[in-house]
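Computed from heavy atoms alone, side chains included, the values below leave out hydrogens, waters and symmetry copies. Every chain is numbered from 1 and lettered A, B, ... according to where its sequence line falls, protein lines coming before strand lines.
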Amino acid sequence: MSERYLFRGNHAIAEGAMRAGCRFFAGYPITPQNEIPEYFSARMPDYGGVFLQTESEIAAINMLFGASAAGVRAMTTSSSPGISLMQEGISYSCGADLPMVIANVVRGGPGLGNIAPAQSDYFQATRGGGHGDYRTPVLAPNSVQEMFEFPKLAFELAERYRTPVIILADGLLGQMIEPLEYTFDPVDPKTLPKKDYILDGCKGRERRVIRSYDLRPGYLEKLNFERIKKYQKIEAEEVRYETDHLDDAEFVIIAYGTCSRVAKAAVRLARNNGVKMGLLRPITLWPFPKKMIEELTGKTRLFIVVEMSMGQMIEDVELVVKGKAPVRLIPHPGGGIPTAREIWERFQQFREEL
Amino acid sequence: MSERYLFRGNHAIAEGAMRAGCRFFAGYPITPQNEIPEYFSARMPDYGGVFLQTESEIAAINMLFGASAAGVRAMTTSSSPGISLMQEGISYSCGADLPMVIANVVRGGPGLGNIAPAQSDYFQATRGGGHGDYRTPVLAPNSVQEMFEFPKLAFELAERYRTPVIILADGLLGQMIEPLEYTFDPVDPKTLPKKDYILDGCKGRERRVIRSYDLRPGYLEKLNFERIKKYQKIEAEEVRYETDHLDDAEFVIIAYGTCSRVAKAAVRLARNNGVKMGLLRPITLWPFPKKMIEELTGKTRLFIVVEMSMGQMIEDVELVVKGKAPVRLIPHPGGGIPTAREIWERFQQFREEL
Amino acid sequence: MPKNRTEVLVDVCKGCGLCVEFCPKKIIRLSDDINSSGYHPAEIIDQEKCIGCGFCYLICPEPAMVIYREER
Amino acid sequence: MPKNRTEVLVDVCKGCGLCVEFCPKKIIRLSDDINSSGYHPAEIIDQEKCIGCGFCYLICPEPAMVIYREER
Amino acid sequence: MRKVYHRPEGLTDTLMRYCPGCGHGIIHRIIAELLVELNIRERTVGIAPVGCSVFADEYFNCDMIQPAHGRGPAVATGLKRANPDLIVFSYQGDGDLAAIGTAEIVHAAARNENFTVIFVNNAIYGMTGGQLAPTTLPNMVSTTTPRGRNTKLAGNPIRVCELLNSLDGPVYINRTSVHTPQWVLKTKKAIKRGFEIQMAKKGFALIEVLSMCPTNWRMSPIESSRWIEEVMSKYYELKLFRDLTKEEK
Amino acid sequence: MRKVYHRPEGLTDTLMRYCPGCGHGIIHRIIAELLVELNIRERTVGIAPVGCSVFADEYFNCDMIQPAHGRGPAVATGLKRANPDLIVFSYQGDGDLAAIGTAEIVHAAARNENFTVIFVNNAIYGMTGGQLAPTTLPNMVSTTTPRGRNTKLAGNPIRVCELLNSLDGPVYINRTSVHTPQWVLKTKKAIKRGFEIQMAKKGFALIEVLSMCPTNWRMSPIESSRWIEEVMSKYYELKLFRDLTKEEK
Amino acid sequence: MTNEIIIAGFGGQGIISAGMIIAQAGMSEGRYVTFFPSYGAEMRGGTANCSVVVSDEEVASPVVDRPDTLMVMNEPSLIRFEPRVKENGILFFNQTLIKSRPKRKDIKIYPVEANLIAEELGSGRIANMVMLGAFAAVTKTVDLDSLKAAQRVIFKKADEKMHRLNDQALERGYKLING
Amino acid sequence: MTNEIIIAGFGGQGIISAGMIIAQAGMSEGRYVTFFPSYGAEMRGGTANCSVVVSDEEVASPVVDRPDTLMVMNEPSLIRFEPRVKENGILFFNQTLIKSRPKRKDIKIYPVEANLIAEELGSGRIANMVMLGAFAAVTKTVDLDSLKAAQRVIFKKADEKMHRLNDQALERGYKLING
Ligand SMILES: Cc1ncc(C[n+]2csc(CCOP(=O)(O)OP(=O)(O)O)c2C)c(N)n1
Ligand SMILES: Cc1ncc(C[n+]2csc(CCOP(=O)(O)OP(=O)(O)O)c2C)c(N)n1
Ligand code: SF4
Ligand code: SF4
Ligand code: SF4
Ligand code: SF4
Ligand code: SF4
Ligand code: SF4
Ligand SMILES: [Mg+2]
Ligand SMILES: [Mg+2]
């Protein structure tokens with residue numbers, strides 16, 4: 001094992017972003033992610049980048065709009081209410097095809113809710129909480145190590161497809177401390193390929209325009225059909241997931257993020273009790289691992305979806321399973337975290353009822 | 001036929017709201033719904049209510065938060081980008097269980113998009129574009145007459161369930177002019193039952209608090225489970241839809257709002273050509289007419305979903321149909337409006353491919 | 001031959017009349033013709049009197065005015 | 001018998017010391033005891049000297065001070 | 001013996017969960033006393049911000065509402081316009097009012113809405129743990145300006161009274177403090193004036209109150225009081241900026 | 001014969017779709033001339049607002065970006081901080097800047113961001129068809145104040161230069177107009193100064209320009225010009241509010 | 001019977017009010033009607049157009065894709081909309097302002113000297129009324145009298161003089177056909 | 001072996017740093033560790049608690065619901081967390097500040113005069129270290145030496161004097177058990 005350091009999830013995501021070449025951070029404080037801007041504020045000067053505490057989340061997302069147009073890797077982070085405020089800006093960024101990374105360290109909602117870990121912004125992240133037809137890739141880390149690594153992946157996806165990418169974490173992942181290994185070398189932004197759409201003055205080339213509108217009849221529709229092709233490509237090529245004990249599983253838990261950690265413990269518990277349980281953990285929430293679930297559908301006696309919400313991802317599961325196998329939900333709306341024991345007990349109940 | 005007047009959809013919704021007892025309007029201009037605030041500004045003084053053009057959509061939704069807490073029927077209207085800005089406020093209003101009516105006269109997106117009619121805010125409206133677990137009833141009118149009548153229905157639902165209600169129209173419904181009949185008597189707000197949660201000073205009673213948070217461990221979750229019961233009740237009791245030629249239909253179009261009007265013409269065209277086509281038009285988009293679609297699933301050879309989006313409602317259809325019948329989409333992302341002829345032609349193609 | 005010349009780009013002009021108002025020499029008026037966008041464009045009625053002050057250009061929103069001065 | 005009486009609500013006090021600082025008679029100090037919330041509460045060391053000025057109450061954020069004045 | 005100073009009826013029995021020496025408690029008490037003294041408790045709706053004083057909705061013994069961060073003035077506008085008989089106050093911190101809520105306070109002031117704003121300036125984001133506020137002083141350390149506020153990078157502080165005083169709308173603007181008993185009394189007078197103006201339907205009043213945040217200033221409460229006296233009140237001049245009701249006379 | 005006045009290279013060939021007599025065209029041309037005269041066209045990024053001049057991104061012959069309504073100053077901040085070598089201008093209407101974008105302009109000014117704002121005050125929402133703007137004059141008719149702006153209900157107009165002049169941040173604040181050729185020249189000088197300040201990395205400059213909207217004022221272009229002269233410029237004083245670079249000398 | 005109509009021209013040529021007058025007239029005759037204007041960004045100095053449907057049965061789609069009847073008041077509108085007219089449909093064009101000529105052979109074409117006649121009557125602004133008169137005469141979708149009544153409803157703020165002028169223009173247009 | 005630990009007490013009693021020291025020590029011994037603090041609103045004058053998991057295998061769930069080991073530094077925490085300890089689990093409580101006594105019969109209970117000993121050493125603020133020493137001695141989850149090294153990492157800004165004091169406190173706690 002190479003050198004490891006104890007790291008808080010929130011610090012890890014910030015460190016990971018800067019190492020991934022992020023040179024622009026703009027954000028507004030909100031619990032449970034305050035350590036992210038704090039860490040950026042302390043370290044960004046060393047990286048020669050920009051740190052800005054903004055007047056609001058709205059200003060933050062719009063500063064990203066500008067910074068991304070100028071060509072730098074730009075990131076903002078917030079938690080649920082702050083992300084709601086960014087919906088217009090996210091929609092604009094999708095409409096203007098600007099890459100950027102937005103991390104949501106989700107807390108209990110709706111409204112001011114509480115500051116406990118939650119997953120109730122799944123719909124917002126995967127369906128687009130903003131207006132208009134768009135999608136954004138959504139990455140769901142489940143460890144401090146992934147909090148560190150996902151900003152890099154997110155920037156790569158963002159630039160490959162010219163799209164905002166969302167990292168959907170939660171208060172637990174933000175606050176939790178685990179050993180961290182620096183698994184990649186720092187990215188020097190200067191070594192990245194030059195982008196051919198950015199605004200850096202029209203010297204020696206045609207002037208460029210970045211916009212999200214087209215008022216000429218029919219044009220916007222054409223543009224949107226083009227963008228849908230990009231989404232189809234992402235759906236075909238960028239699905240990521242992790243499996244645990246799926247080979248012989250009769251019962252499959254589907255869970256992401258914090259819930260997938262708890263679910264892993266539940267799988268251990270079940271296996272210790274001789275039950276063939278397995279776990280599918282979507283890493284990309286959009287694109288959703290549909291094919292994998294389709295494959296499982298034939299051989300699975302029961303799907304259990306565990307969510308820190310009233311049940312949102314379960315819709316994506318049901319869209320694939322199509323009633324061919326029972327799907328049960330263990331919901332925690334409002335900042336409650338499931339426990340392995342609870343999953344195990346609920347499972348036994350579900351099995352009896354089958 | 002009783003007296004009828006030519007009315008623009010945007011004027012009808014404003015007139016309908018005031019007749020339904022709306023005494024507080026706050027909003028910010030945006031095309032294609034500017035005629036709504038304009039009409040309110042001209043007529044609200046006659047009704048003795050409050051009209052306010054606000055500094056932003058954010059201010060508008062938060063003024064509604066206050067006005068609703070004070071007990072009046074309060075409404076705001078906007079179009080897509082403005083509605084995105086309201087997502088935090090809508091989430092708060094759901095968290096605080098405050099009734100209010102929000103009309104979205106949808107336009108093409110994402111971003112600034114265009115000002116043509118669109119239906120691409122379906123996900124946002126039905127899944128909650130804001131953070132946290134919540135739902136709002138969504139009403140989708142398809143005529144000027146319904147633009148006039150739905151605010152009343154919306155206020156009734158809003159108050160019965162203490163929830164924001166969304167009226168999801170589009171630029172065509174807002175701009176179009178049709179004959180209108182005053183189908184209900186003006187509601188005098190004074191005759192409405194007094195609400196037992198409003199803030200009017202604690203004279204002679206316990207003080208009241210309206211909030212959307214609970215930071216005590218576990219409490220928010222309990223609260224949210226309570227709210228889910230309310231949502232289940234709405235799903236059980238408030239589904240509304242309209243059918244056209246469904247009795248013997250082999251092919252069923254599912255479409256709402258403007259698309260349902262076009263679809264009706266397509267059904268006529270099909271019937272004239274001897275094809276047994278019918279139309280299911282969801283009036284409430286949430287709660288979605290699941291049962292009706294379930295019933296149709298057995299006897300329908302093909303479902304055609306027509307949407308002025310890249311395909312959003314189709315998810316709700318597929319969640320019910322569960323692969324038991326083919327579902328095809330005619331999408332118009334970006335402000336395009338389908339035509340009856342187009343539906344008819346695409347249908348023939350679909351049928352051949354079956 | 002005039003010292004200065006003022007040219008109206010007929011199809012750019014929207015006939016707003018601001019140049020007419022601000023020409024110190026009052027040598028601009030709106031034509032009776034309709035241009036391709038449906039406007040009555042400005043026209044110079046007495047080129048001789050033009051002092052090349054540029055007011056018509058300065059106030060023109062399009063700009064539909066081009067002004068030439070004699071080289072010295 | 002004192003003219004005025006100042007009472008500290010021991011379990012409300014958070015031991016911030018502001019009253020100690022602003023008592024013009026310097027008759028307040030923080031006790032060595034710990035209250036139910038883990039703070040060292042204020043205590044009056046010389047009730048006799050209290051002039052009932054209310055400064056301790058005015059500056060107390062909780063408020064943990066109650067001040068009695070002799071009826072006239 | 002008569003109880004002359006004691007927990008006012010305008011506060012509930014709930015103990016306040018602010019840090020020791022926090023100015024919020026003092027300001028709460030002042031407002032609570034006025035609710036009783038002006039006999040308006042039973043027709044008042046208070047607005048708690050998002051900030052440390054989000055819990056104000058548990059502390060004030062009157063109807064309370066807790067809206068989104070920074071939107072107090074919009075909510076107050078809604079409440080007051082819908083029911084002009086209410087007395088409405090919006091209690092807001094410097095992050096709430098001067099950062100995310102800038103548009104709402106500027107426009108409520110410009111509209112001269114008839115409610116009272118108590119603006120608690122502690123030059124820091126208390127609730128979230130000590131980040132830079134719009135009112136954080138130059139060179140002052142916060143958790144997001146760990147080397148001190150460099151105005152070249154993090155911008156200049158905003159003086160809210162001065163900003164709003166450039167508008168036609170507001171009737172009353174005053175800046176006070178609660179760092180000494182004397183200033184506590186002056187603050188009470190100022191807030192009283194604010195409420196009276198509202199009761200007389202004259203319009204918008206804002207009282208900015210400099211307030212200690214010992215926790216995030218990393219000072220003792222007493223050091224905090226001194227710091228307001230010696231530093232903060234020099235940067236934020238304590239004065240009455242405007243009282244249009246007086247000018248009228 | 002030398003062409004002394006002609007469509008500048010800083011404008012594209014696209015004909016502008018503003019109404020006849022609209023001030024936007026004049027202001028566009030001024031900026032376009034300066035892009036050439038200051039030799040900055042090839043390193044400038046312009047920001048078009050949401051408003052009638054949303055189309056500015058088709059008209060200026062330089063890199064352009066079109067962001068969300070009111071957020072120009074935030075986008076400018078992002079652009080300029082990410083690439084300080086750019087010259088950035090934010091072109092905004094009164095609805096865009098003084099209503100929905102209030103927070104963004106106030107904070108960009110307070111931070112003294114190094115870009116130039118051209119603020120087109122036509123006292124109305126042009127694009128959306130003539131609704132009340134924050135700058136609509138008292139008693140002025142708009143489609144949402146059909147009986148004229150009653151300041152008791154619809155609030156008082158906001159004077160943006162005065163508002164921002166209360167801040168420490170900005171380097172340059174000036175209010176001019178384009179209703180006469182003389183004022184067009186003064187406006188050009190003012191905007192030039194704004195760009196020069198940015199080029200010298202001195203900081204934030206805002207030039208407010210009173211501008212005709214004949215369509216929504218329901219006046220002819222000439223009447224509109226007169227109305228600025230006789231009414232609007234009385235309410236919005238045309239003057240230099242601040243030039244810190246001069247004070248330095 | 002259903003007549004799906006498109007009217008198009010410059011902003012300022014009274015396109016929208018022409019459409020509304022047809023809708024009002026149709027409604028007054030007890031027919032089903034729907035009207036849908038183009039709106040918005042096109043306002044700034046561009047073109048305007050609107051769709052009207054007048055029908056004996058409930059109007060399903062308010063969207064007129066391929067009109068039975070097209071009235072064009074200016075050149076660009078002719079170019080844009082002519083190809084859309086249904087086979088055997090009807091096209092009216094404003095001969096005064098439109099220099100080119102329609103190309104379709106499968107539709108009926110009526111040139112109308114709308115602006116010329118209107119100017120004769122005293123104001124180019126009532127060219128739309130001339131057009132409507134011709135439209136009523138040819139298509140019989142609504143009666144001339146209904147149109148006359150309808151313009152008084154739609155222009156309710158105009159004075160009697162203006163109403164009379166409109167009536168005259170309607171009649172002149174009507175007589176172009178039924179003259 | 002997996003030890004799931006909860007530490008709880010007043011804010012200011014060093015609850016969080018105690019947890020992090022265990023995590024750091026565990027990591028230095030090559031074990032899998034996870035640490036999760038309570039955070040946020042409870043900050044304002046409330047209680048603090050944290051969970052630590054130290055394990056020989058990858059840590060699945062970072063959420064400690066029913067701890068193997070509980071350390072409580074004040075009265076309210078004893079009341080809140082005692083019922084959660086696993087059967088046969090271990091409870092350490094700060095005897096100096098906690099007046100009442102644990103009630104469970106099915107767990108092992110260790111009273112620790114944490115504050116008393118800490119004050120003896122010169123500062124009540126190192127009561128947490130005393131607790132950790134006892135914890136190491138009883139549970140053997142991590143070595144005393146690892147804890148000593150770990151506190152130097154976690155308090156990297158403290159001076160040598162403070163580090164020594166911490167070491168002493170750890171030792172005193174350790175010796176309470178292995179004395
Ligand atoms: C939309 C949104 N953004 C951010 C937050 C997080 N937040 C809570 S309180 C606060 C700032 C509090 O500072 P201030 O207003 O100065 O009040 P104080 O705590 O200092 O009294 C912030 C940023 C939030 N709850 N909602
Ligand atoms: C979030 C949002 N709200 C509202 C609008 C609608 N809108 C477009 S332009 C505009 C106002 C334009 O007025 P102004 O800024 O004064 O510019 P002008 O047209 O007068 O030049 C508004 C409200 C929008 N596009 N986005
Ligand atoms: S240049 Fe001067 S004098 Fe010549 S036409 Fe123009 S305004 Fe008149
Ligand atoms: S100012 Fe320009 S647009 Fe206006 S009339 Fe003169 S040339 Fe034409
Ligand atoms: S009332 Fe005055 S003198 Fe008495 S204890 Fe309080 S501060 Fe001291
Ligand atoms: S001011 Fe109040 S809280 Fe502070 S020490 Fe005195 S009594 Fe206690
Ligand atoms: S953090 Fe500051 S403002 Fe918040 S309660 Fe503590 S002292 Fe008061
Ligand atoms: S509406 Fe007004 S601002 Fe907009 S283009 Fe027309 S005249 Fe100019
Ligand atoms: Mg503060
Ligand atoms: Mg304007």
Notebook entry, point to check: How about F:D13: does its CG atom have over 12 heavy atoms from other parts shown lying under 6.0 Å from it?
Noted result: no

Next item on the list: Anything in residues 82-100 of chain A with a heavy-atom distance to chain F below 4.5 Å? Please list those residues in order.
Entry: A:E88, A:Y92

Next item on the list: For each of A:A59, A:G201, A:G204, tally heavy-atom pairs with chain F at distances under 4.5 Å, and name the one with the top tally.
Entry: A:G201

Checklist line | Minimum-distance pair of heavy atoms, taken over all atoms of A:R205 and F:D63 | finding: NH2-OD2, 2.5 Å

Item checked: Contacting region of A:V50 [heavy-atom separation from chain F under 4.5 Å] -> side chain

Next item on the list: Check whether more than 12 heavy atoms from other residues, nucleotides or ligands sit under 6.0 Å from atom NZ of F:K192, and answer yes or no.
Entry: no

Check: Contact part of A:L199 toward chain F, heavy-atom cut-off under 4.5 Å: side chain, backbone, both or neither?
Finding: both

Check: So how far is it from F:N61 CG to A:E206 CD, rounded to the nearest 0.5 Å?
Finding: 8.5 Å

Note to self: Take a 6.0 Å sphere around OH of A:Y219 and say whether it holds more than 12 heavy atoms from other residues, nucleotides or ligands.
What the structure shows: no

Acceptor/donor pairs from residues 76-84 of chain F side chains to any protein atom, 3.5 angstrom cut, sequence neighbours excluded:
unit_1 : atom_1 : unit_2 : atom_2 : d
F:T77  : OG1    : F:P73  : O      : 2.7
F:T77  : OG1    : F:R111 : NH2    : 3.2
F:K80  : NZ     : F:L86  : O      : 2.6
F:K80  : NZ     : F:N114 : O      : 3.4
F:K80  : NZ     : F:Q198 : OE1    : 2.9
F:R81  : NE     : F:E113 : OE1    : 3.1
F:R81  : NE     : F:E113 : OE2    : 3.2
F:R81  : NH1    : E:L153 : O      : 3.1
F:R81  : NH2    : E:L153 : O      : 2.8
F:R81  : NH2    : F:E113 : OE2    : 2.8
F:N83  : OD1    : F:D85  : N      : 3.1

Item checked: Part of A:I61 within contact of chain F (heavy atom distance under 4.5 Å) -> neither

Note to self: According to ring-ring contact (aromatic ring centres under 6.0 Å, His included), who are the partners of F:F60, at least two apart in sequence or on a separate chain?
What the structure shows: F:H28, F:F89

Margin query: Keeping A:Y213 on the side-chain end and F:V54 on the backbone end, is there a donor-acceptor pair under 3.5 Å?
Written below: yes

Next item on the list: Grab the two heavy atoms, one from A:R207 and one from F:D57, that are nearest each other, plus how far apart they are.
Entry: NH2-O, 2.8 Å

Next item on the list: Determine which pairs satisfy ring-ring contact (aromatic ring centres under 6.0 Å, His included) with at least one residue from residues 40-88 of chain A, sequence neighbours left out, and list them in order.
Entry: A:F25-A:F40, A:F25-A:F51

Next item on the list: Report, as yes or no, whether the 6.0 Å neighbourhood of atom CG on A:D188 holds more than 12 heavy atoms from other residues, nucleotides or ligands.
Entry: yes

Notebook entry, point to check: Has F:K201 got more than 12 heavy atoms of other residues, nucleotides or ligands less than 6.0 Å from its NZ?
Noted result: yes

Note to self: Between A:R23 and chain F, with a heavy-atom cut-off of 4.5 Å, which part of the residue counts as in contact: side chain, backbone, both or neither?
What the structure shows: neither

Next item on the list: Under the side-chain contact (heavy atoms from CB on, under 4.5 Å) rule, what do F:E104 and A:I58 come out as? Steps first, then yes or no, please.
Entry: CA-CA 9 Å; F:E104 285 75 13; A:I58 293 180; 3.6 Å; yes

Checklist line | Straight-line distance of A:R208 CZ to F:M64 CE, nearest 0.5 Å | finding: 15.5 Å

